[in-house]
A.B. asks: 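Before I ask anything, here is the structure I am working with.
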Amino acid sequence: MAQHPVKFDDVVQAQSVIQGKVLNTLFEHSVSCSEWIGKSIFLKFENQQKTGSFKMRGAFNKMSQLTKDQLKRGVSACSAGNHAQGVALSARLLGAPSYIVMPEIAPTSKIMATQNYGAEVILHGSVFDEAYEYCLKLSKENSYTLVHPYEDPDVIAGQGTIALEIFERIKDLDTFIIPIGGGGLIAGMATVIKHLNPKAKIIGVVASRAPGMKLLADAHGQLQDKYVSRSTIADGIAIKKPSKLMYDHYISKLVDDIVEITDSEMAEAMVFLLERAKAVVEGAAGAALAAAKKYSDKLGEKNCVLLCGGNVDLNLIASIIDRGLEKNGRLCRISVLVEDVPGMLNQLTREIASQGANILEVEHKRIGKGIDIRQTRIDILMGTKNSQHIQKIKEGLKALGFDIQEL
């Protein structure tokens, strides 16, 4: 087994191990993303990988190093998402039983997906930490080999094969934008990138609601305060506690910058990719493109954005689309205070229609904070073209004397 830190040759070896077992995913220049961001953007579509994310690479490489006896006894993992599915499919391909521990609140869709790849799913605990502790206990009692999602050299080397595939196509990219959760993905890729093109800049991306690795980096690896990760649509990079091991061995040495992205910014990027690149991606992948957009001044002439996965919860898709459309000005909510007399709603909607907006929802409220006895508040959701279009509508309403409230 390789030792920390992983070397370039370890990744080359991993590529020979996983070849034919994972997909060499699409890597191409995106005209639409390049125009949106203002710099040349190449996309690596790991959302099209087996199991829907890059995790299959590291899991298969790790498990391929196990002895026949270890495979016979089985492997274990704690995950409610992509790592679980990568381990489950790898185990099936290698003929090993797999045992995946998930929190009791894990989405049914992810439980079923993991089971469909052949794993036995064990639900335990109300939070991830409880599930992880139980996984450790289960592994020890039954002599299962625990496959860690990122603090494992063989897993890291497997993830690094993505960069080898990219360099087979283009060798002179200026910047790589890569999501960071636990750090295994960026560690493996950065090991290859800095070996083959030391001048290339590597930008890591974290969710603003779970910025663990950025906080650790800002504190130069000495984070003292208790860290709390909050719920985010980028669940693939929402790590409970940033790994000092990963920071010390890889992040601090190989990553040039780490940036934060909000859920709204991710949603906007996800909608853009869905509409313009015909790509369904999860929050972590959306975060990478959003970072390229938000921090375009940090980019070079030719840049790679890693779309790390596509396992987005279908129950969230509608909300994400709404949030993304709202962020880019395609959806707008306004609240207007009017005199409670006949004809006011007609006058309001007529003006909005004359501006070319499509009214999707209307709600009347006669009682509430800031509403006088002779007033009513009208909340309107409308489809718009862009932020300039929204501003023009508001100016038209104000010119007619309507009192637009800030939401």
A.B. asks: Dump the intermediate steps for salt bridge (charged side-chain N to carboxylate O under 4.0 Å, His left out) on Arg330 and Glu275, then the final yes or no.
C.D. replies: CA-CA 12 Å; Arg330 301 272 297 282; Glu275 188 171 45; 3.0 Å; yes
A.B. asks: Okay, side chain of Ser34, backbone of Ile41: is any donor-acceptor separation there less than 3.5 Å?
C.D. replies: yes
A.B. asks: Do the side-chain N and O atoms of Glu351 and Gln355 include a donor-acceptor pair separated by under 3.5 angstrom?
C.D. replies: yes
A.B. asks: Under 3.5 Å, is there a donor on one side chain and an acceptor on the other for Ser208 and Thr262?
C.D. replies: no
A.B. asks: So which pairs with a foot in residues 177-200 pass ring-ring contact (aromatic ring centres under 6.0 Å, His included), sequence neighbours left out?
C.D. replies: Phe8-His195
A.B. asks: Is a donor from one side chain sitting under 3.5 angstrom from an acceptor on the other, for Gln13 and Asn61?
C.D. replies: no
A.B. asks: Looking at every heavy atom in both Ala131 and Met102, which two are closest together, and how far apart are they?
C.D. replies: CB-C, 4.0 Å
A.B. asks: We want to know whether Glu168 and Gln15 form a side-chain donor-acceptor pair, criterion being a heavy-atom distance below 3.5 angstrom.
C.D. replies: yes
A.B. asks: Please name all residues satisfying side-chain hydrogen bond (donor to acceptor under 3.5 Å, both in side chains) with Glu141, sequence neighbours left out, ordered by chain then number.
C.D. replies: Lys137
A.B. asks: Go through the steps to decide whether Glu165 and Arg57 satisfy the test salt bridge (charged side-chain N to carboxylate O under 4.0 Å, His left out), and finish with yes or no.
C.D. replies: CA-CA 12 Å; Glu165 291 178 5; Arg57 296 173 181 268; 2.9 Å; yes
A.B. asks: Within the side chain of Ser79, is there an N or O that forms a donor-acceptor pair under 3.5 Å with the backbone of Ala84?
C.D. replies: yes
A.B. asks: Would you compute the distance between atom CG of Leu245 and atom OH of Tyr250 and round it to the nearest 0.5 angstrom?
C.D. replies: 7.0 Å
A.B. asks: Please name all residues satisfying side-chain hydrogen bond (donor to acceptor under 3.5 Å, both in side chains) with Asp256, sequence neighbours left out, ordered by chain then number.
C.D. replies: Lys194
A.B. asks: Shortest non-hydrogen contact from Ala357 to Met382?
C.D. replies: CB-SD, 4.1 Å
A.B. asks: Which is it for Phe54 and Gln159 under the side-chain contact (heavy atoms from CB on, under 4.5 Å) test, yes or no, and what are the steps along the way?
C.D. replies: CA-CA 7 Å; Phe54 71 94; Gln159 321 303 28; 3.6 Å; yes
A.B. asks: Could you state the interatomic distance from SG (Cys304) to CD1 (Ile166), rounded to the nearest 0.5 Å?
C.D. replies: 3.5 Å
A.B. asks: Would you say the ring centers of His83 and Tyr150 fall short of 6.0 Å from each other?
C.D. replies: no
A.B. asks: So if I apply the side-chain hydrogen bond (donor to acceptor under 3.5 Å, both in side chains) rule between Asp340 and each of Arg374, His364, Gln375, Arg366, which one comes out positive?
C.D. replies: Arg366
A.B. asks: Pairing donors with acceptors under 3.5 angstrom, does anything connect the side chains of Thr25 and Gln48?
C.D. replies: no
A.B. asks: If you measure only the distance, is there a donor-acceptor pair under 3.5 Å linking the side chains of Thr232 and Asp263?
C.D. replies: yes
A.B. asks: Looking only at side chains, do Gln405 and Asp403 share a donor and an acceptor under 3.5 Å apart?
C.D. replies: yes
